[in-house]
Trainee: 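Below you will find the structure I want to go over with you.
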2 protein chains.
Amino acid sequence: MTEFELIEQVFAPLGGARPDVALGIGDDAALLRPPAGELLVACVDTLVAGVHFPPEMRAADIGYRAAAVNLSDLAAMGAQPRWATLALTLPAVRPVWLRQFAQGLRMALAAHEVALVGGDTTRGPLTISLQLLGSVPDGVALTRGGSRVGDAVFVSGSLGDSAAGLSLFGTAAPARSPAAWLTGRFRRPTPRLALGRALRGHASACIDVSDGLLADAGHLAERSAVQLRLWADALPRSTALLGLFDPDTALRWAATGGDDYELCFTVPPASVAVIEGLQRRLSCRLTQIGEVRAGAGVVLYGPDGSQCHWPNSGYRHF
Amino acid sequence: MTEFELIEQVFAPLGGARPDVALGIGDDAALLRPPAGELLVACVDTLVAGVHFPPEMRAADIGYRAAAVNLSDLAAMGAQPRWATLALTLPAVRPVWLRQFAQGLRMALAAHEVALVGGDTTRGPLTISLQLLGSVPDGVALTRGGSRVGDAVFVSGSLGDSAAGLSLFGTAAPARSPAAWLTGRFRRPTPRLALGRALRGHASACIDVSDGLLADAGHLAERSAVQLRLWADALPRSTALLGLFDPDTALRWAATGGDDYELCFTVPPASVAVIEGLQRRLSCRLTQIGEVRAGAGVVLYGPDGSQCHWPNSGYRHF
């Protein structure tokens, strides 16, 4: 079997069985049937070895994570994911690595019924670029630009776990230990797709927390031309994070650690009760962490009413 | 200006002004309006520095080429290109390089009215992955799978120029010289989009020549479950190629050199006259280079009726 045939064999099972795929992997391009009356939603995210994940990370986790961080972008738009294409750059074809990578990718894509419909495999330093396509009914997509003064600011799940988990990466952690749970939050983040769709018509703006809460809330504030006032006390922190780290470190990670892939969204006062209902229905913790005011930027208030500052807030791509 | 702002500023003008872009660069994902009743066409291609182009290639040429090789995939499907997203991995942000890259990319995209609607910029070894989205009316897309016994095999333009041009890369060549023309064919290939669309309803199968004629004709033969018999004498070679290289080298490049980005397609006998008309209308050389027979694979016959063989036919990705 040539390496080319191996790659075909490894990725063919990720083609899925969606009726909206007219032609999948194997031609010059894929042919897809977008649903009538819906907008197409398109995004791309790249993971570079040594930059976005430790080079020693397991292949299955790399594959899973590549899909999860992209699915998170569609979640933030309130979209239904449908199709993916993969641009995979590899230093060499190692069959075991490739099969495990595909297995992790498949697990994350199959959980949301996404079909891999094409791609390009090239030789070079390990780089994974995944493109996701989804759809959303016209007029209900969530964007970063709709927050209004008086809205409540919410976030899903807990914050800072992934940054803490990355700091523990490579240390020996017994299965089911808090440390293993935290590294798991880095290795296999949970994209909040059901939540994103449930927020259609309720949230006024939404973003996924990939660069760190303060940085991403800043993008939302900028696009909406408002100020977000956040309360440090309210930032949801997991038992594992609080058990393994001192309160200052835990707060810093919750506020500025990247890779959470939770959703940060704003809600008009009239819809706050809906959010409380959603929390129960989706079994997903949803916490109000602040409010929208007139002004610009993000301000984080400590329990004593003073502003919190960190020298480097949020992940910088360069 | 931060590097992040620079990147935004450089790529924003590539957003174009398409009415089918509901939301472009700047949110978690783009929102696009696919045309009613058409299929969506999606492809991705990656260029790695030192693998797909010489590291010293000019930034504007790299940007142009990244778009052109992707547009060529849509041409091979008979599609109308619409939108692009860019996954750009850079070792460092060099403003001049970035502006020139964007300028080259813009030139190639704007020539076909393609809007850049999103992307991801990351730090790492120079890697450009472009995703293109287009559309094609349902039922008329060109695929690799429709060749029938008795069809004629055609190719557009001339073959082998790009491989010859790459071999001359970096040598001093006066402007307008044959050597400069050949390197230009490598640096800025011409995607055959108008031809691809004109072949709808006429070609039985189509592929773009990216890995080399024999390799790509082989893909077409395999998908169509036929044999392609090609005539070495008929392979179109440019005056520049024949003027600078001996006939054996020119033939080898025409048959196996990659990066031509011409279209190789098959046509039922009843449609051959249409192809001759197209040649005039599109001012694009279209040459019959063989015929479709029962069997498998690709056979290239020399002028004396013997089969031509080369040890390595076609570009191997690994």
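Just so it is clear: chains get the letters A, B, ... in the order the sequence lines come, proteins before strands, and each one is counted from 1.
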Trainee: Side chain from CB out, backbone as N, CA, C, O: work out which of these in A:Arg144 comes under 4.5 Å of a heavy atom of chain B, or both, or neither.
Mentor: both
Trainee: Report the distance from atom CG of A:Leu31 to atom CD of B:Glu38, rounding to the nearest 0.5 Å.
Mentor: 11.5 Å
Trainee: Who wins among B:Thr127, B:Asp20, B:Asp208 for the most heavy-atom pairs under 4.5 Å with chain A?
Mentor: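 With the most close heavy-atom pairs to chain A, the winner is B:Asp208.
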Trainee: Among A:Ala36, A:Gly119, A:Ala79, which residue has the highest count of heavy-atom pairs closer than 4.5 Å to chain B?
Mentor: A:Gly119
Trainee: Which one wins on heavy-atom pair count under 4.5 Å against chain B: A:Val41, A:Leu47, A:Thr89, A:Leu74?
Mentor: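 Greatest number of close heavy-atom pairs with chain B: A:Val41.
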Trainee: For A:Thr46, is it the side chain, the backbone, both or neither that has a heavy atom under 4.5 Å from a heavy atom of chain B?
Mentor: both
Trainee: Once rounded to the nearest 0.5 Å, what's the spacing between atom CG of B:Leu133 and atom CG of A:Leu40?
Mentor: 6.5 Å
Trainee: List the atom of A:Gly124, the atom of B:Val48, and the distance in Å for their closest heavy-atom pair.
Mentor: CA-CG1, 4.2 Å
Trainee: What part of A:Ala87 gets closer than 4.5 Å to chain B, counting heavy atoms only: side chain, backbone, both or neither?
Mentor: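 For A:Ala87, heavy atoms of backbone and side chain both lie under 4.5 Å from chain B.
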Trainee: Looking only at heavy atoms and a cut-off of under 4.5 Å, which of B:Asp73, B:Asp27, B:Val44, B:Leu32 has the most pairs with chain A?
Mentor: B:Asp27
Trainee: Would you compute the distance between atom CG of B:Leu130 and atom CG of A:Asp120 and round it to the nearest 0.5 angstrom?
Mentor: 11.5 Å
Trainee: Looking at B:Gly118, B:Pro34, B:Ala76, which makes the most heavy-atom pairs under 4.5 Å with chain A?
Mentor: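 Heavy-atom pairs under 4.5 Å are most numerous for B:Pro34.
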Trainee: Just verifying a value: how many Å separate B:Leu39 CG and A:Arg33 CZ, rounded to the nearest 0.5 Å?
Mentor: 5.0 Å
Trainee: A:Arg123 and B:Val51: which non-hydrogen atoms are nearest, and at how many Å?
Mentor: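 Looks like O-CG2, 3.3 Å.
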Trainee: Please identify, among A:Asp138, A:Leu220, A:Leu132, A:Val136, the residue contributing the most non-hydrogen atom pairs under 4.5 Å to chain B.
Mentor: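 With the most close heavy-atom pairs to chain B, the winner is A:Asp138.
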Trainee: Under 4.5 Å from any heavy atom of chain B, what part of A:Val117 do you find: side chain, backbone, both or neither?
Mentor: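 Neither part; nothing is under 4.5 Å.
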Trainee: Give me the atom names and distance for the closest heavy-atom approach of B:Ala29 to A:Cys43.
Mentor: CB-CB, 3.7 Å
Trainee: Is it the backbone or the side chain of A:Ser129 that comes under 4.5 Å from a heavy atom of chain B, or both, or neither?
Mentor: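 Side chain of A:Ser129 only, per the 4.5 Å heavy-atom cut-off to chain B.
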Trainee: What part of A:Asn70 is in contact with chain B, defined as an atom under 4.5 angstrom from a non-hydrogen atom: side chain, backbone, both or neither?
Mentor: neither
Trainee: Which one wins on heavy-atom pair count under 4.5 Å against chain A: B:Gly26, B:Pro125, B:Ala22?
Mentor: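 Option with the greatest count: B:Gly26.
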